[in-house]
Amino acid sequence: MTSSLIRGRPRRRAPSLLSARLLHTVLGGLAGVVWLVLPGVTTDSATPVPPVPATTAPASGAATPPGPVPSPVPGPASVPSAEGTSTADLALPLVVLVAALVLGGYGYLRRTRRARTRTTPGGTAAVATAPPPQAETDERARALLVAADDWVRVGREELDFAGARLGATAVEPFARAVREAAAELSAACRMRRRHDEGPPGDREARRHLLAGIVGRCEEAGRRLDADAAAFDRLRGLDPGSAPGVVDALVVAETRFRALAGHTGRVAERLARLGGRYGGTVTEPVTGYVEQAKDRLVFTTFRLNEARQAADRGERDRAARHLRSAEGGIAQAAAFLDGVERLAADLESAERLLPATLTGAEAEIAGARGTARENAEAARGDGAEPPVTARGHRFVRPGGSGARPAQPLLPADTLLARADVADAVLAAVRTAATAGPFDPVDALRRVTVAVLPLAAGRAGAVPAAASLVAAHSVADADTFVGTHRGAVGHEARTLLSEAARSLADDPLAADAAAVRARALAERDVRGYGNPLTGESGHESGLAGAVLGGVLLPPPDGSGPDDVGPPPSFGGPRTFRRRAPEPL
């Protein structure tokens, strides 16, 4: 009740202050008017208003008051005018009236300005800066997470093309800006995870987290916006710099030709993977070669448009089509790299599997030995504190050791986990000898079962976990980046969390990345067809919009309309290349 009353005070107080100011102004004006007409009243009246000024003679026929009457001072000022009022009688009241009006207006303007800029309770700014509803802030935080992720991804793509032509040293200041923006985005994603996983009842903490997410994302955008114009000058794509579109076109066309020739070889390699490891192994990259070809078709049109515009001297138009072509090339390369990375990871996992199985057996045997030690320590027979899962040494209260005292893991729990891990190893061996199998998935099953028991006895198990986690993170990142026009904040937040925990907790990173890929696929299924016309598919426009190579129109016009290509920058500069009819 008290807080609502406090919040209501500014609204009730502001009108009263305004009325008081107006009343003061009116009263000042009335006083000036009275002063102005007073001399006329005293002149025309039969009875003079005492005291009689020395320069004013009594009117004709008026009674003369007793006592000596001072002699009038001769001079022009003492002579009444035809209307009975002298110029001096009117000048002073008029000056006072004008001064009163000026002072009243100045006071009103000053008080109004101070009330608008006041930050203490009672000012109008206290009402204007009241926090928005939490649902509105939540929606803004979601949208900014998606937008900031796009800013960082597009910045990296354009930096890659600029660095290929100008060198890493020239683009380093802008690469630093992208890294700083990515750090802000990572912090915002961590805050989002805390918000989503925190207790729902703690509204104040959740409100602060949402405000922090918005602030971090906005700071990332400001950092990129600050360097966008300088980056265009570096690339020679702005109107005030030397033309660099032709040189950039050479780089893009060279990459385009290399990708076009590489697509067939990647398709053949994907077919061999399916025959060697089974069709289910290649499901994550199914359609990648076709989508790469679709982006290349789109790139063909854009490169031609950019070349023609450059030949005509239309630098802005050429830069716009060049940026679209670069986006198509970057995504085509990402699709093909995804297939090749899967092939490399499958081969690495297959080579690592035997050593991982051997290391897992050593870990399981060690866990059983630890279970016996734990049982002896629980009986208090004076045995040394054992080393258990993840290398944690149990230290009795008051004992010496690097870690604080922890309860002993029950022997039956360790034995049960060891038995489960043994069963997993047996199933993996059977699958590996029976026929085509997925080596990456086999490593995942082994590491999930054995790594919680590991105490550093064998390095093969942690190495296998790192390989699996890195594969999952890269796979999810490729899918999100090539479908970013449809992917929402949940998948991006989980992916950021997976990348952050990759070095510290590979099991958690793998699980988060797998979940992120699933959420991204759900978003794409719900997105549908971004363009309704067949021409969008023939020219690759539909895939370009889905992949975020072309932005949707800002006015949300027709279903077959598209916006500009995204560019290096934040919210103010991301869409700076204006759209035009296709």
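Given the structure is predicted, the values throughout are model-derived calculations rather than measurements. Only heavy atoms go into these numbers, but all of them, side chains included; no hydrogens, no water, no symmetry mates.
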Count the heavy atoms belonging to other residues, nucleotides or ligands that lie under 6.0 Å from CZ of R515, then report whether that count exceeds 12.
->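 No, the 6.0 Å shell around CZ holds no more than 12 heavy atoms from other groups.
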Could you tell me which non-hydrogen atom of [X] sits nearest to which non-hydrogen atom of [Y], and how far apart they are?
X: V473; Y: A498; value: CG2-CB, 4.0 Å
X: A470; Y: L502; value: N-CD1, 3.7 Å
X: V468; Y: V440; value: CG2-O, 3.8 Å
X: R276; Y: P436; value: O-CB, 3.7 Å
X: S324; Y: R302; value: OG-NH1, 3.5 Å

Going by heavy atoms in the side chains, are L546 and Y527 under 4.5 Å from each other?
->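 Yes, close enough: below the 4.5 Å cut-off.
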Less than 4.5 Å apart, any side-chain heavy atom of F437 and any of L353?
-> yes
Which pairs count as side chain to side chain donor-acceptor pair (under 3.5 Å) when at least one residue sits in residues 263-275, sequence neighbours excluded?
->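 Checked against side chain to side chain donor-acceptor pair (under 3.5 Å) - neighbours excluded - the pairs reaching residues 263-275 are H262-R265.
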Residue pair Q134 / R207, side-chain donor-acceptor N/O under 3.5 Å | no
Tell me yes or no: between the side chains of R190 and S186, is some donor less than 3.5 Å from an acceptor?
->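 Judged by distance alone, the side chains do pair up.
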Under 4.0 Å between a side-chain nitrogen and a carboxylate oxygen: does that hold for [X] and [Y]?
X: R222; Y: E219; answer: yes
X: R368; Y: D419; answer: yes
X: R153; Y: D150; answer: no
X: R323; Y: E158; answer: yes

Go through the steps for E136 and R140 under the test salt bridge (charged side-chain N to carboxylate O under 4.0 Å, His left out), then give the verdict.
-> CA-CA 6 Å; E136 180 181 334; R140 176 165 172 75; over 6 Å; no
Where does the angle between the aromatic ring planes of F231 and F568 fall among parallel (under 30°), tilted (30 to 60°) and perpendicular (over 60°)?
-> parallel
Not counting sequence neighbours, which residues clear side-chain contact (heavy atoms from CB on, under 4.5 Å) with E283? List them please.
-> T280, T286
By side-chain contact (heavy atoms from CB on, under 4.5 Å), D160 pairs with (sequence neighbours left out) R255
Identify the residue among R193, R192, R194 that makes a side-chain hydrogen bond (donor to acceptor under 3.5 Å, both in side chains) with D196.
-> R192
